[in-house]
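Structure first, commentary second.
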Amino acid sequence: SVASDTSRKVLVVEDSATQRQLIVQLLASQGFECVEAETGQQALAALASHHLELILLDVELPDADGVELCKTIKSEHQIPVIIVSGHGEPLDRVVGLGAGADDYVVKPFEPLELILRIEALQRRVVVAPNAKEKGIGDIRIAEAERTVEVAGEEASLTKIEYEILLSLLDANQAVVSRVDLARRIWGSSKWLGDGHSLNVHVANLKKKIKTAKKAKIESVRGVGYKLVGQ
């Protein structure tokens, strides 16, 4: 459980004191230690002085554009970032996830949803010591190292993009439903919602593997996705 690891420190970047306290209390109840910031400057200072496991980032800050701040953070750190935003339009999610955020949660959110999404990013994937390389066409996945190569070049995927790719690869060219992908990513299909977030994760993944000449992700309308060899 989350509570068993006392080293899990989360940076909560939120300019509303009320919202920030709600999030901090929620995370504290799950055993997380929280570092608080109400501006972009404070967030960057906290990032420099703490060993963080995760960042929850509001996009509307008094001194910074949260999307630009997310880009800055992700260009320098490997820490997972979840954008927490009052804007739930598809374009907002496209912009947020395109900035490198690992996930996107819309306010108001259910407490359990936020916890599940955090746990999905924190989950330590246990790989068998004899795990071998997997692949299709010119896409290769080394599970032990969690690295992905596309046409001989390493691709930099977020954890969720990696989980999607692995799910599609494991299906052996069969269709994987959107519900099954949501279960794999977030631990519950309940958080699939309108599906916009999943659409954006898949679209970003498609962009990152578009150099593949011998494999591609196909959308199956109304069902899900499949990874096929050419």
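For the single chain, residues carry numbers from 1 onward in sequence order. Quick caveat, the model's predicted, so the values are computed rather than measured.
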Whether Q173 side chain and G229 backbone form a donor-acceptor pair below 3.5 Å: yes
Has the side chain of E110 got a donor or acceptor atom that lies under 3.5 Å from a matching backbone atom of L112? no
Under a 4.5 Å side-chain heavy-atom rule over Ile, Leu, Val, Met, Phe, Trp and Tyr, are L57 and L114 clustered together? no
May I ask you to decide if H87's main-chain N or O and S85's side chain share a donor-acceptor pair within less than 3.5 Å? yes
Can you list the steps and then say if K216 with V228 is a side chain to side chain contact (heavy atoms under 4.5 Å, CB included)? CA-CA 6 Å; K216 68 173 180 175; V228 295; 4.2 Å; yes
Under 4.0 Å between a side-chain nitrogen and a carboxylate oxygen: does that hold for R20 and D58? no
Worked verdict on T147 versus E154 for side chain to side chain contact (heavy atoms under 4.5 Å, CB included): CA-CA 7 Å; T147 55; E154 187 165 340; 3.8 Å; yes
Taking NZ, NE, NH1 and NH2 as the nitrogens, is one of them in K134 or D170 under 4.0 Å from a carboxylate oxygen of the other? yes
Under 3.5 Å, is there a donor-acceptor pair between the side chain of R8 and the main chain of F32? no
What residues, two or more places apart in sequence or in another chain, satisfy side chain to side chain donor-acceptor pair (under 3.5 Å) together with K71? E68
Does Y104 reach the side chain of H201, with side-chain heavy atoms less than 4.5 Å apart? no
Using 0.5 Å steps for rounding, measure from the CG atom of L22 to the NZ atom of K107. 10.5 Å
Any donor-acceptor pair under 3.5 Å linking the side chain of E161 with the backbone of T158? yes
Taking all non-hydrogen atoms of both residues into account, name the closest pair between H51 and K9 and its distance. O-CB, 3.7 Å
Could you tell me whether E113 and R117 have a side-chain N and a carboxylate O separated by less than 4.0 Å? yes
With no hydrogens and no angle check, do the side chains of N199 and R93 hold a donor and an acceptor under 3.5 Å apart? no
Run the side chain to side chain contact (heavy atoms under 4.5 Å, CB included) test against V175 and tell me which residues pass, sequence neighbours left out. V220, V223, K226
Does any N or O in the side chain of D138 come within less than 3.5 Å of the main-chain N or O of K213, such that one atom is a donor and the other an acceptor? yes
Looking at T39, is its backbone amide N or carbonyl O close enough to the side chain of D63 to form a donor-acceptor pair, meaning the two atoms are under 3.5 Å apart? no
Going by an N to O cut-off under 4.0 Å, is there a salt bridge joining D103 and K159? no
Over all heavy atoms of both residues, which pair between K74 and G100 is shortest? Give the atoms and the distance, please. CE-O, 3.1 Å
Between R140 and E133, does at least one N-O distance fall below 4.0 Å, as a salt bridge requires? yes
